[in-house]
Amino acid sequence: ETGVTQTPRHLVMGMTNKKSLKCEQHLGHNAMYWYKQSAKKPLELMFVYNFKEQTENNSVPSRFSPECPNSSHLFLHLHTLQPEDSALYLCASSQDLRNSPLHFGNGTRLTVT
Amino acid sequence: GQQVMQIPQYQHVQEGEDFTTYCNSSTTLSNIQWYKQRPGGHPVFLIQLVKSGEVKKQKRLTFQFGEAKKNSSLHITATQTTDVGTYFCEITYNTNAGKSTFGDGTTLTVKP
């Protein structure tokens, strides 16, 4: 199942680096999401976009900056991260906002050194 | 946000035994979704339940939605090693506002 594609699959970055995660969905969905998955909190919602407008920001630190140029693409810009930000970052999409199930990408395994 | 309790956190079974995970909410839900995440993989959608008392089956998997729409269960009959993974429920409690929450998941291991 590759309806939602995430790159890169793995990323190692220092605390002073700037990097971006990319997500693309080929399903014609209207909503896109960023989730953080770690041992501490299995699936933690970060951001929600509906028709490329941000509808939800779950008190995410400003060192994470989302961008949604259109309904098919979603980015997560990272800068000055902390080691505790190391986690699996999952992108997902759904046809409608929350009425329909989520389709997840394979995720980006991020390690902050 | 609304809280959802998923139990148990871990379940170890012998192949062929049954398995059940429960998802409980203190609030009446709009709908509930179930996902499975294999080790090293990503969550994959299994089923959506919408109606009170609804029961859906997928081969050896049976999904139920409580009459009060506050709880749900996923039951696997005669587990196989391919059932290994973490099962998550996602509750949607306010359809108009698009609010939902994931349970912490139940991790199933199956001993052959």
Side-chain angles (χ1 to χ4, degrees), chain A residues 1-10 21 23-25 27 29-51 53-60 87-110, chain B residues 1-11 21 23 25 27 29-51 54 56 58 63 65 69 72 74 85-108:
Chain A
E1 180 184 329
T2 56
V4 180
T5 304
Q6 284 187 248
T7 55
R9 291 295 303 275
H10 302 273
L21 310 184
C23 176
E24 183 175 1
Q25 59 99 357
L27 301 169
H29 289 170
N30 299 316
M32 296 189 77
Y33 313 77
W34 279 115
Y35 281 86
K36 175 183 178 182
Q37 187 173 44
S38 61
K40 188 177 179 180
K41 183 70 178 177
L43 278 166
E44 185 177 4
L45 179 64
M46 300 176 71
F47 302 103
V48 182
Y49 280 83
N50 192 33
F51 291 100
E53 298 296 323
Q54 188 178 125
T55 60
E56 196 166 336
N57 176 339
N58 263 11
S59 303
V60 181
L88 180 68
Y89 288 85
L90 290 159
C91 173
S93 69
S94 65
Q95 183 63 54
D96 303 302
L97 193 64
R98 291 296 188 229
N99 282 334
S100 50
L102 298 170
H103 293 254
F104 285 89
N106 289 323
T108 295
R109 174 67 63 183
L110 174 67
Chain B
Q2 297 298 318
Q3 297 296 315
V4 55
M5 178 71 71
Q6 190 173 353
I7 55 172
Q9 187 175 2
Y10 299 98
Q11 185 76 55
T21 174
C23 195
S25 170
T27 306
L29 305 174
S30 295
N31 44 272
I32 188 166
Q33 290 70 238
W34 286 94
Y35 298 79
K36 176 184 178 182
Q37 184 172 17
R38 294 180 185 273
H42 59 277
V44 174
F45 171 71
L46 295 176
I47 206 87
Q48 183 181 56
L49 303 172
V50 179
K51 299 177 182 177
E54 190 170 17
K56 289 188 176 180
Q58 289 180 352
F63 304 84
F65 204 3
K69 297 185 71 174
S72 179
L74 185 170
T86 301
Y87 293 84
F88 292 98
C89 64
E90 179 202 14
I91 62 168
T92 304
Y93 50 89
N94 187 331
T95 306
N96 288 337
K99 298 292 185 182
S100 74
T101 301
F102 274 89
D104 286 347
T106 296
T107 299
L108 172 66

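What's counted below: heavy atoms across the whole structure, side chains too, no hydrogens, waters or symmetry copies.
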Colleague: Is Glu44(A) in contact with chain B via its backbone, its side chain, both, or neither, using a 4.5 Å heavy-atom distance?
Modeller: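 Neither part.
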Colleague: Show the numbers, then the answer: is there a side chain to side chain contact (heavy atoms under 4.5 Å, CB included) between Leu90(A) and His42(B)?
Modeller: CA-CA 8 Å; Leu90(A) 290 159; His42(B) 59 277; 4.0 Å; yes
Colleague: From Gln37(A) CD over to Phe102(B) CZ, what is the distance, rounded to the nearest 0.5 angstrom?
Modeller: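 Those atoms lie 9.5 Å apart.
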Colleague: Between atom OG of Ser100(A) and atom CZ of Phe45(B), what is the distance when rounded to the nearest 0.5 Å?
Modeller: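 Rounded to the nearest 0.5 Å, the OG-CZ separation comes to 9.0 Å.
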Colleague: How many angstroms lie between CG in Leu43(A) and OH in Tyr35(B), if you round to the nearest 0.5 Å?
Modeller: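 If we round to the nearest 0.5 Å, Leu43(A):CG and Tyr35(B):OH are 9.5 Å apart.
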